Amino acid sequence: MSELKAKYITTTLPYVNADPHVGFALELVQADMLARYWRLLGHEVFFSTGTDEHGQKIAQKADSEEKDRQAYVDHYAGEFNRLKDALNLSNDAFIRTTDTHHKKAAQEMWRRCAAKGDIYKKAFKGLYCVGDEMFLRENDLVDGKCPNHPTMEPIEVEEENYFFALSKYQTYLEEYLNNPTSIVPDWQRQWALDFVKGGLEDFSISRQKSRMDWGIPVPGDDEQVMYVWFDALTNYISTLGWPEENGSFKKFWVEGDTLQLGGKDQVRFQSIMWQAMLKSAGVPATDTVFYHGFVTSGGQKMSKSVGNVISPYDMVARYGTDATRYMLLRHVHPFDDSDVTFEKMDEWYTANLVNGLGNLVARVMKMAETHLDGPIEKPAITDFEPEYLTAFNVFNFQAASDVVWKKIGELDEKIAVTEPFKLVKTDKAAAVAIIKELVAGIYIIGRLLFSLMPETNMIIKEAVLQNKKPDNLFKRLEI
RNA sequence: GCCGAUGUAGCUCAGUUGGUUAGAGCGUAGCACUCAUAAAGCUAAGGUCGGAGGAUCGUUCCCUCCCAUCGGCACCA
């Protein structure tokens, strides 16, 4: 058997200007399910996540709340890092773009792109709102005024910024995106390809320090700080120790398979700008970027004003960690938008977890505990069925989960058909044989849940090995 | 406006080489059982497969047009 390739997987880094959102929780558990699955298959895995902490919006928010900026981002980094326990994540690294090492790496990225001749200075002209202390976008203007300050006249400001020569990489990016595995799902790849073919503009990668100083200093220019995107993108390799060329970077990025996850609004950044930066710096491209959809609630985008925001912490509080993972991985579409409400989640929870998985384990283990002399022989490890493997290969977390629930249904049916609880009164040996099969079936279900619901996996395994009915896996919801 | 999708049972969705009675899960109704978290099992109701034309011996699945919904159309990240 050939050596399995090392696997690198990372989420995007959420921008820490708000509390963790269920959409990001989705990305995290998707990454975690893959990471655990690969480890189970025997791959060496490096799973990274973290926080993106520089830029205008964060500086502004911290200032407006009269908080020290570093203290402000420390707080939010903590809020995001708390998801590790809440969602039982197995990430190997949590990188913050304010980490010292990361700052150095971002500067090295800059130097390399500059050495390649891809960074140049150019005058940038834009409408600037003095009230917001930031440049306004054409689309944001309301009657030509800043939406937040309709009484103030935006002023035209010109400043010199550094630009990255993205346009140089059009041909390269077309080649890269022609590779069918560069982006999943494929229609996102088509979009990216069309976008690149339509022509690329260079983009600014710095801000004048006098106007915005919450960023990583541009090497060799005290007047400028990096634009947050240039800084943040570098995290995907700085987390592996880059620019140190050996060690983790070599093992996972150069010699391993690399996978990045992101929301569907990230295509331009992850698959276009970032890939051009990597090429410029002489670093191998990301093998695949997977883009998930958005989670809506009640048919609308979540927003504070609508009042339909779902916090992952609220989900965990109501259903528990494994059940929350279950909702996000089995009932949210891997890459299309999905609608989630507590009403729907209550149904899923009760039907599939309480009445389905939880009840099955309870009824089987009760019979086992009552009628077997001791634990069954530990079932041999069997290969996963093809549909389970295929589901993971195409990032179809729902299909992978469906395999488990199909088995749950089969076992429930088997109990109904063979009635071991009745048979035990007339033919104990036959009943015991059936119960043993059922327990083995539970064990297999537990194993299939390894990546989806790690805690449940452990409980089932323990229950089988000790021949003891566990406490109810999922508590019935209070009405 | 342009580009791209989507429109299949109450809900969420499967359904590619076009071929007899269109599927699953959840929900609903009834039957029945009792090992289990009043759970599971069986049965049933429920669909002109968005609409209209066309090509075909024949299409939910191909072509055209229309309607509806959604998303994107670069420096907010």
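To find a chain, count down the sequence lines: A is the first, B the second, and so on, and within it residues start at 1. Computed from a predicted structure; not experimentally measured.
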- Can you tell which of B/rA74, B/rA36, B/rA40 lies closest to the side chain of A/Asn355? B/rA40
- A/Val354 near the nucleic acid: base, sugar-phosphate alone, or nothing, with a heavy-atom cut-off under 4.0 Å? base
- Query: Any idea which of B/rC35, B/rU37, B/rU12 is nearest the A/Lys344 side chain?
  - Reply: B/rU12
- Task: Respond yes when some side-chain nitrogen or oxygen of A/Arg268 is under 4.0 Å from OP1 or OP2 of B/rA77, and no when none is.
- Result: no
- NA contact type, A/Leu473, heavy-atom cut-off 4.0 Å: base, sugar-phosphate, or nothing? base
- Query: With rounding to whole Å, what would you report as the distance between B/rU64 and B/rU48 at their P atoms?
  - Reply: 26 Å
- Item | Within 6.0 Å of NZ in A/Lys168, more than 12 heavy atoms from elsewhere | yes
- From B/rA77, B/rA36, B/rC33, nucleotide with atom closest to A/Asn359 side chain: B/rA36
- Nearest to the side chain of A/Ser204, which nucleotide is it out of B/rU37, B/rA74, B/rC75? B/rC75
- Out of B/rG27, B/rA36, B/rC35, which nucleotide sits closest to the side chain of A/Glu347? B/rG27
- Item | Shortest side-chain distance from A/Phe421, nucleotide among B/rC35, B/rA40, B/rA74 | B/rC35
- Choosing from B/rA14, B/rA77, B/rG41, which nucleotide comes nearest the side chain of A/Glu413? B/rG41
- Query: Which base sits across from B/rU64 as a Watson-Crick or G-U pair, both distances under 3.5 Å?
  - Reply: B/rA52
- Contact summary for A/Phe80 and A/Ala18, nearest pair of heavy atoms: CE1-O, 3.5 Å
- Message: Is there a ring-ring contact (aromatic ring centres under 6.0 Å, His included) between A/Phe203 and A/Trp229? Walk through the geometry before answering.
- Response: CA-CA 10 Å; A/Phe203 64 99; A/Trp229 261 103; 9.2 Å; no
- With centres under 5.5 Å and planes under 30° as the test, does A/Phe203 stack with B/rC75? no
- Query: Which part of the nucleic acid, if any, lies within contact of A/Trp187, taking any heavy atom under 4.0 Å across all strands shown: a base, the sugar-phosphate backbone alone, or nothing?
  - Reply: nothing
- To the side chain of A/Leu200, which of B/rC35, B/rG27, B/rA74 is closest? B/rA74
- Message: By the 4.0 Å heavy-atom rule, please label A/Trp405 as base, sugar-phosphate, or nothing.
- Response: nothing
- Could you tell me how the ring of A/Phe163 sits relative to the ring of A/Phe124: parallel (under 30°), tilted (30 to 60°) or perpendicular (over 60°)? tilted
- Which part of the nucleic acid, if any, lies within reach of A/Asp265 when heavy atoms closer than 4.0 Å are counted: base, sugar-phosphate only, or nothing? base
- A/Lys425 side-chain proximity, nearest of B/rA77, B/rC35, B/rG72: B/rC35
- Query: Are any of A/Arg207's side-chain N or O atoms less than 4.0 Å away from OP1 or OP2 of B/rC75?
  - Reply: no
- Could you measure between the two P atoms, the one in B/rU16 and the one in B/rU20, and give it in whole Å? 14 Å
- Which one, B/rC35, B/rU37, B/rG72, comes nearest to the side chain of A/Phe474? B/rU37
- Only one of A/Asp74, A/Asp52, A/Asp231 passes salt bridge (charged side-chain N to carboxylate O under 4.0 Å, His left out) with A/Arg96, and that residue is A/Asp74
